[in-house]
Amino acid sequence: MAFKPLPREFYLRDTIQVARELIGKELVHRSSAGITSGVIVETEAYMGITDPASHAFGGLRSKRTEIMYLTGGRVYIYLIYGMYNCMNVTTQKEGAPEAVLIRAIQPVRGMEIMLARRGLKNPKSLMNLTNGPGKLCQAMGIGADLYGADLCEKRLFVQEPENPAAGEVGASRRLNIEYAGSARDFEWRFYLKGNPFVTRTSFE
DNA sequence: GACCGGATTGGC
DNA sequence: CCAATCCGGTCC
C-alpha cells in the first residue's frame, strides 16, 4: 500500500478550515508494533494567541507550546490530567500558534494492535476503542515521543482515505472549555454527523 | 518552593 | 458523581 501524507500547504491555512477538512481524512501511525489508522470523525480548532481555550493564549511560550509557533504541519501532544495524551496537528505560518485537536477516529487498520493497546479483550462496543482524544492516542500508540513529529514524513501523518466516509459535517461548541469566557460559544468543533465514534453531547 | 487545576476517562 | 495522577503555570 502506498502512503501519501497531505502536503505542507494543507496545514498552512485558516485553522477552522483545516479542522473542518480533516473530517473524513485518514490518520496513520506506522510504529514498530505495526500500522494503525482511522478516519478522523471529530476535531476542534484552537485559535492561538486570541483564544482563551488555547494553550498559547496571550502568546504564551513554553517548552510545551513552542512547537505551535513553528510552521504548521507538525504534531503537538500534551498530557492531560496526568494520565492521557491528546494529539493536535499544528496549522498556519510560523509565529501563529494555532492547532487542531483530533477528538475521535473510526478505526481502519490495525484493529488487533489497537485492542491490545487499549486493554480490551472482547470489546462489546467497538466504539469505545477510539471515541475520545485520550482513547485514540492510546489505541494508536501516540505518546510524548511523537511531540513535534513532522506530518509530512511517513511515521505519523494524515492522508486521503481509501474509502471516503459518507455523511455531512456538523459544527458545535467545543467541549469542556467552560472557563474560556465568550469563546466557549464559538462553534469550532466539527464532526461527522451520525458517526458512532463521535463524542455524544447534549447539544450537538 | 507551594499550590491549583486541567482540550479526559472509567468506575461507582 | 467523582477520583486518578502529574505537569505546567502562577504567585510568593
Side-chain angles (χ1 to χ4, degrees), chain A residues 11 15-16 18-20 22-23 27 38 40-69 72 74-92 96-107 114-148 156 158 170-191 196-204:
Chain A
Y11 302 99
T15 303
I16 292 168
V18 174
R20 190 187 293 110
L22 278 171
I23 300 297
L27 177 68
I40 297 169
V41 297
E42 183 178 354
T43 63
E44 282 175 354
Y46 285 85
M47 302 300 282
I49 293 171
T50 60
D51 179 4
S54 168
H55 292 161
F57 179 55
L60 182 66
R61 277 178 186 264
S62 67
K63 188 179 177 189
R64 181 170 76 154
T65 65
E66 64 185 349
I67 198 67
M68 291 194 279
Y69 286 85
R74 291 175 188 276
V75 182
Y76 166 49
I77 290 170
Y78 65 92
L79 185 66
I80 186 70
Y81 294 101
M83 274 173 282
Y84 303 102
N85 288 300
C86 292
M87 177 198 159
N88 295 247
V89 307
T90 67
T91 59
Q92 284 286 17
E98 303 179 18
V100 177
L101 172 67
I102 310 298
R103 283 199 58 92
I105 63 173
Q106 173 163 344
M114 290 198 268
L115 287 168
R117 283 177 177 147
R118 290 272 295 132
L120 305 174
K121 293 179 179 155
N122 290 310
K124 289 165 185 160
S125 57
L126 266 186
M127 72 166 114
N128 198 36
L129 195 52
T130 54
N131 62 340
K135 295 178 190 177
L136 77 88
C137 281
Q138 189 177 15
M140 294 277 289
I142 297 169
D145 56 315
L146 285 163
Y147 177 92
L156 176 61
V158 180
S172 82
R173 305 194 323 253
R174 295 173 292 178
L175 306 185
N176 304 324
I177 53 147
E178 294 306 303
Y179 58 84
S182 60
R184 72 185 167 191
D185 295 323
F186 300 162
E187 299 202 319
W188 289 346
R189 167 176 173 261
F190 301 95
Y191 59 96
F197 290 86
V198 172
T199 306
R200 294 190 315 169
T201 66
S202 55
F203 51 85
E204 275 299 290

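By convention in this document, chain letters (A, B, ...) are assigned in the order of the sequence lines, proteins followed by strands, and residues within each chain are numbered from 1.
For A:T15 and A:Q92, the side-chain atoms include no donor-acceptor pair closer than 3.5 Å.
Taking the side chain as every heavy atom from C-beta outward, A:L22 and A:V89 approach each other to under 4.5 Å. A heavy-atom distance below 4.5 Å is not found between the side chains of A:T43 and A:R103. Looking only at side-chain heavy atoms (C-beta outward), A:I142 and A:I77 come within less than 4.5 Å of each other. Proximity of A:T201 to A:R189: side-chain heavy atoms (C-beta onward) are separated by under 4.5 Å at one or more points.
Under the 3.5 Å distance criterion, the side-chain polar atoms of A:T90 are left unmatched by any main-chain donor or acceptor of A:I67.
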Footprint string (nucleotides 3-12 of chain B, 5' to 3'): B base within contact, S backbone only, - free, heavy atoms under 4.0 Å: ---BBBSS--
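Every ring pair (Phe, Tyr, Trp, His ring centres under 6.0 Å) that A:Y78 has, sequence neighbours left out, goes to A:H55, A:Y76.
In DNA chain B, consecutive stretches of 3 or more Watson-Crick or G-U wobble pairs with both distances under 3.5 Å are given as paired ranges: B:1-6 with C:6-11, B:8-11 with C:1-4.
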